[in-house]
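Heavy atoms only: backbone and side chains are in, while hydrogens, waters and symmetry mates are out.
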Amino acid sequence: GLCTGATIALFTVLDAVLLRPLPYAGADRLVHVEGDPALRRSVTYPDFVLLRDHARGFESLAVWQGWTAIMPDAEGVNTRLTGASISPGYFELLGVQPHAGRFFTAVHVAEGSAKSIVISHELWRTTFGGTRDIIGRLVRIDTAAYTVIGVAPAGFQDPLSKRTALWRVEPSLFERGLLQPGWVGFWMIGRLQAGTTAESAWREAEGLLASAYGEVQRGSVRSIATFSSAMVRDVRPTLIALMAAVALLVVVGCANLANLFVSRASTRAT
């Protein structure tokens with residue numbers, strides 16, 4: 001019973017983390033474009049622009065940066081929310097359709113455009129009561145007023161941070177990224193063209209970066225990994241070790257059970 005219970009419990013975890021496909025359309029073509037591991041694998045915005053505009057192995061690319069948002073409630077009490085600053089096309093890259101409203105377009109990147117946000121379905125339901133007139137409403141976040149332009153679908157979790165409750169396109173943030181090529185602070189994800197592998201996409205990206213920066217400094221991008229492998233990279237060794245331990249436990253349990261039956265058979269024979 002102990003062996004069976006441990007095996008079922010661990011397989012449930014392995015199925016959820018390693019075996020089950022990611023809940024995004026065409027998840028096998030999603031990749032994480034990674035920078036230096038010492039810098040949490042983040043990249044620069046100019047490198048994103050370079051690959052987005054010239055790499056033919058990608059169907060689309062997008063960048064993501066964490067944002068700690070402070071939103072006051074009806075009584076004026078501040079609530080800390082996990083947010084993200086993203087580039088237009090982020091949701092479309094993941095194959096996501098809005099529950100209500102729309103997602104960001106290139107217009108929202110232009111300086112002087114109105115501040116806009118997309119909120120999660122859970123935030124819309126719990127904080128705003130699931131009201132149908134949420135689209136177009138002004139919401140104060142930090143010290144600015146943002147217009148809600150969309151609601152993410154029910155059950156959607158941001159793959160780069162599952163706690164993300166709202167998203168924005170912040171023009172000043174991307175302008176700063178463009179003006180400071182050495183400033184590393186974005187996570188980049190992409191969708192490969194059909195028939196393209198992560199290895200071939202990396203070879204193309206490596207060539208583009210080498211041409212742009214020369215042999216001494218090849219930009220911030222260091223590798224390209226499939227999204228499924230990147231998401232479980234840190235826990236895979238632990239899970240495999242646990243699976244080996246459980247397998248050993250099953251072998252010991254089977255051996256003990258075999259000895260028990262052999263002993264019982266010997267007793268009956270005598």
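Taking 4.5 Å as the limit, every side-chain heavy atom of Phe156 sits out of range of all side-chain heavy atoms of Val151. By the 4.5 Å heavy-atom criterion applied to side chains, Trp124 and Leu166 are not counted as neighbours.
Neither Trp67 nor Val43 shares a network with the other; the hydrophobic side chains, linked directly or stepwise wherever heavy atoms of I, L, V, M, F, W or Y lie under 4.5 Å apart, form separate groups for each. Clustering ILVMFWY residues whenever any of their side-chain heavy atoms sit less than 4.5 angstrom apart, transitively, puts Trp202 in the very cluster that holds Phe186. Under a hydrophobic-cluster definition in which Ile, Leu, Val, Met, Phe, Trp and Tyr are linked whenever side-chain heavy atoms come within less than 4.5 Å, directly or via other members, Val169 and Ile189 are assigned to the same cluster. Under the 4.5 Å side-chain heavy-atom criterion for Ile, Leu, Val, Met, Phe, Trp and Tyr, Leu51 and Phe227 are members of the same hydrophobic cluster. Under a hydrophobic clustering in which Ile, Leu, Val, Met, Phe, Trp and Tyr are joined whenever their side-chain heavy atoms come within less than 4.5 Å, directly or via other members, Phe91 and Trp64 fall into the same cluster.
To the nearest 0.5 Å, atom OH of residue Tyr146 and atom CE of residue Met71 are 12.5 Å apart. We find the CE-OH distance between Met188 and Tyr45 to be 10.5 Å, quoted to the nearest 0.5 Å.
With a 6.0 Å radius and a threshold of 12 heavy atoms from other residues, nucleotides or ligands, Glu59 has its CD atom above the threshold.
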Handout entry: From CA spacing to verdict: side-chain contact (heavy atoms from CB on, under 4.5 Å), Leu30, Leu94
Key = CA-CA 8 Å; Leu30 293 178; Leu94 295 172; 4.1 Å; yes
Ignoring hydrogens and angles, write down the donor-acceptor pairs under 3.5 Å from the side chains of residues 95-104, residues two or more places apart or on other chains.
none

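Taking the charged nitrogens against the carboxylate oxygens, Lys162 and Asp158 have no contact shorter than 4.0 Å, which rules out a salt bridge.
The stretch residues 78-87 participates, sequence neighbours left out, in these side chain to side chain donor-acceptor pair (under 3.5 Å) pairs: Ser85-Arg168.
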